[in-house]
Amino acid sequence: MNEGEKSLNFIEHIIEEDLKNGFSKEDLRFRFPPEPNGYLHIGHASSICLNFGLGLRYNAPVNLRFDDTNPAKEEQEYVDAIKKDVSWLGYKWEHECFASDYFQKLYDWAIFLIKENKAYVDSQTSEAMAEQKGTPTTPGVASPFRNRSVEENLDLFQRMKNGEFKEGEHVLRAKIDMSSSNMLMRDPIMYRILHKAHHRTNTDWCIYPMYDWTHGESDYLEQVSHSFCTLEFAMHRELYDWFLDQVYDESKTRPKQREFARRNLSHTVVSKRKLLKLVEEGVVKSWDDPRMPTISGMRRRGYTPESIRNFADTIGIAKRENLIDVSLLEFHVREHLNKIAPRVMGVLDPVKVVITNYPEDQEEWLEVENNPEDPATGNRQIPFSREIYIEKEDFREEANKKFFRLKLGKEVRLKGAYIIKAESCTKDTDGNIIEIQCTYDTLSKSGSGTEESLRKIKGTLHWVSVKHAIESEIRLYDRLFTDESPDTHKDKDFMEFINPDSLQVIKGFVEPSLKEAKIGDLFQFQRMGYFNIDTDSTPENLVFNKTVGLRDSWAKIQQKS
């Protein structure tokens, strides 16, 4: 086995084996088939990267197909959001398809199955059908309507289509095997009655095909060669193949279903139903809340498509489910932002510093680099004046030798500016420090080349000029759940693990260069982390989301725990 073969995942091995056995590379076609009943999340991102990645690897077309068979839960809003997410991740689809495109063809095939005595209209209640289906260890019992005549089934099915019956009165079932060890093969439902308007077909139909009947036949109609889905559909493969057997033409490509394991992300949930509950109950503000594991939430928070693709590539494709620590995703976000994000200065918990020997009416503009990782981004100018803000935690009246920030009688360097020395401080009536008085070394300006500017000073602080600072809203995010796997506890509801401190909103001050920043712009606040401009931001009120810290502080907290 050569190195190229070693690097293949098991799905690529399946494709390579098919090609070796004579399948034409020109006939390869893949698809990403979301249901438009919610926003896509990080789990979908892995599937998107898998299918579109295969398309790129084999130079094969990839369809974006919406499995829109349930008008009760599907909306155009979700269709639009899904298209935006896939495009944002950097992928282009060959054809935009909808299962609803095939409603007439599926109906025609259903008529064919009825005529072949392979489908029948069942008029039992859903409770009766569930009871007569049996258990994994006991065979099912045939429906009393299983042997209706072809003519009666055709008549009832036509009347179902015409809207003559109420929801739940009848269903169309495939006639397969009520004693099968695979319970999905025990006469599965193919159609149910739903008197609801569809987001594309409106009220043209009042019967809608079930997922199992629709999915494989849609793959076949689109001539998808390999249909990849998650492990919970492994038992569905037998039914997928049975339905294909009924319509397959040997002159055409027959889709092959294969399954891969879900990748669950720690400290969150990825069930659309549970994500919807978070939105509906006001735990988060929307599907794109930056705490959500949705692609739109991650985009709003400042994650980049490159970082998500790199994350998906790192975790790979496997046959067993496992829980991926969210810190791995954050690592990839941090790694990419480090390369591309301009460095700026923002103070999130300010205390005023007055440089007493700096002239009151003086200000100067200092040149600093935008990104040491990318010299091509050049430099910018920032203002310096007598009064500045620094972080409260960067000053102590007294501290041990390991504290390399500002303390009384000691020096620090201000990033891109001067060396200052703390002389005294002022406190309020509660003993809180509200101002620090410092002096500066007039010859120590960064980059000036003077002997004083080259002095070795261990501590360097970020800062902003009080006179020029822009007050901004800063949104700090933490894990949405305190438990790493909140929806796996049998005796507890996942909502019990909501982190009440997942969002903290504060007021901070940023340097004036950010006044022209636009929604979505990414920055590194030096020494603080990576931030971006939120969609709520306006020119009058800048709003920053904290994307990720400079280091994985959560891992350290967990170790201490």
Side-chain angles (χ1 to χ4, degrees), residues 39-49 85 88-90 262-270 275 278 284 287-316 322-344 346 348 371 373 474-487 497-499 501-506 520-534 544-561:
Y39 281 62
L40 300 183
H41 53 64
I42 186 64
H44 294 113
S46 289
S47 181
I48 292 168
C49 292
D85 288 346
W88 177 75
L89 281 172
R262 283 182 182 272
R263 290 294 206 242
N264 296 312
L265 195 66
S266 72
H267 298 95
T268 193
V269 295
V270 289
L275 293 175
L278 293 173
V284 296
W287 282 96
D288 70 343
D289 188 298
R291 292 167 289 177
M292 290 279 270
T294 55
I295 295 175
S296 57
M298 293 185 288
R299 177 170 61 243
R300 183 174 175 183
R301 185 159 172 171
Y303 288 15
T304 62
E306 291 87 349
S307 61
I308 295 173
R309 294 199 305 265
N310 290 339
F311 169 73
D313 186 55
T314 298
I315 64 175
N322 59 358
L323 186 68
I324 306 297
D325 197 305
V326 67
S327 60
L328 177 60
L329 173 58
E330 292 173 339
F331 164 79
H332 284 288
V333 174
R334 191 181 295 114
E335 185 180 57
H336 187 235
L337 290 178
N338 181 54
K339 297 174 183 175
I340 66 168
R343 275 49 167 173
V344 297
L348 308 188
N371 188 347
E373 297 288 325
I474 313 291
R475 297 175 182 176
L476 307 175
Y477 299 102
D478 200 348
R479 306 285 192 259
L480 187 53
F481 293 93
T482 56
D483 188 88
E484 71 171 6
S485 188
D487 56 351
F497 298 101
I498 294 290
N499 179 5
D501 301 316
S502 63
L503 171 61
Q504 181 186 3
V505 181
I506 62 173
D521 284 354
L522 305 162
F523 303 97
Q524 184 197 101
F525 284 10
Q526 295 196 5
R527 300 178 63 237
M528 303 303 292
Y530 295 95
F531 292 76
N532 79 319
I533 303 283
D534 187 73
F544 291 90
N545 295 318
K546 184 174 183 180
T547 306
V548 67
L550 292 178
R551 297 172 202 82
D552 185 5
S553 58
W554 180 268
K556 293 181 180 178
I557 293 171
Q558 293 295 89
Q559 287 174 358
K560 289 181 181 178
S561 300

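What's counted below: heavy atoms across the whole structure, side chains too, no hydrogens, waters or symmetry copies. When a residue number appears, it is its place in the shown sequence, counting from 1.
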Donor-acceptor pair, [X] side chain versus [Y] backbone, under 3.5 Å?
| X | Y | value |
| --- | --- | --- |
| R309 | L89 | yes |
| N545 | T547 | no |
| N310 | E306 | yes |
| R527 | F525 | no |
| D325 | S266 | no |
| S307 | Y303 | no |

(request) Report yes or no: do T294 and H41 form a side-chain donor-acceptor pair below 3.5 Å? (result)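 Not at all, the side chains of T294 and H41 share no donor-acceptor pair under 3.5 Å.
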(request) Please state whether the rings of Y39 and W287 are parallel, tilted or perpendicular, taking 30° and 60° as the class boundaries. (result)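 Ring orientation, 0 to 90° scale: parallel.
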(message) Classify the ring geometry of F311 against H332: parallel below 30°, tilted from 30° to 60°, perpendicular beyond 60°.
(response)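 Perpendicular, since the angle between the ring planes exceeds 60°.
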(message) Run the salt bridge (Lys or Arg N to Asp or Glu O under 4.0 Å) test against R291 and tell me which residues pass, sequence neighbours left out.
(response) D289
(request) For D501, enumerate each residue passing the side chain to side chain donor-acceptor pair (under 3.5 Å) test, keeping only those at least two apart in sequence or located in another chain. (result)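 Partners of D501 under the side chain to side chain donor-acceptor pair (under 3.5 Å) test: none.
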(request) Could you list the residues that satisfy side chain to side chain donor-acceptor pair (under 3.5 Å) with R475, not counting sequence neighbours? (result)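 Once residues adjacent in sequence are excluded, the partners of R475 under the side chain to side chain donor-acceptor pair (under 3.5 Å) criterion are E473, D534, D536.
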(message) Between F497 and F481, is the ring centroid distance below 6.0 Å?
(response)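 Not close enough - the centres of the two rings lie 6.0 Å or further apart.
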(message) With side-chain contact (heavy atoms from CB on, under 4.5 Å) as the test, pick out the partner of N264 among V270, V269, N322.
(response)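 So the option named by the test is V270.
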(message) Quick check on side-chain contact (heavy atoms from CB on, under 4.5 Å): which of L328, V326, I315 does L265 satisfy it with?
(response) V326
(message) Between E330 and R479 (salt bridge meaning N to carboxylate O under 4.0 Å), is one present in this structure?
(response)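 Salt bridge flag = yes for R479 with E330.
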(message) Checking R343 against N371 for the side chain to side chain donor-acceptor pair (under 3.5 Å) test, could you report, in this order, the C-alpha distance in whole Å, the side-chain angles of both residues, the deciding distance, and whether it holds?
(response) CA-CA 6 Å; R343 275 49 167 173; N371 188 347; 3.1 Å; yes
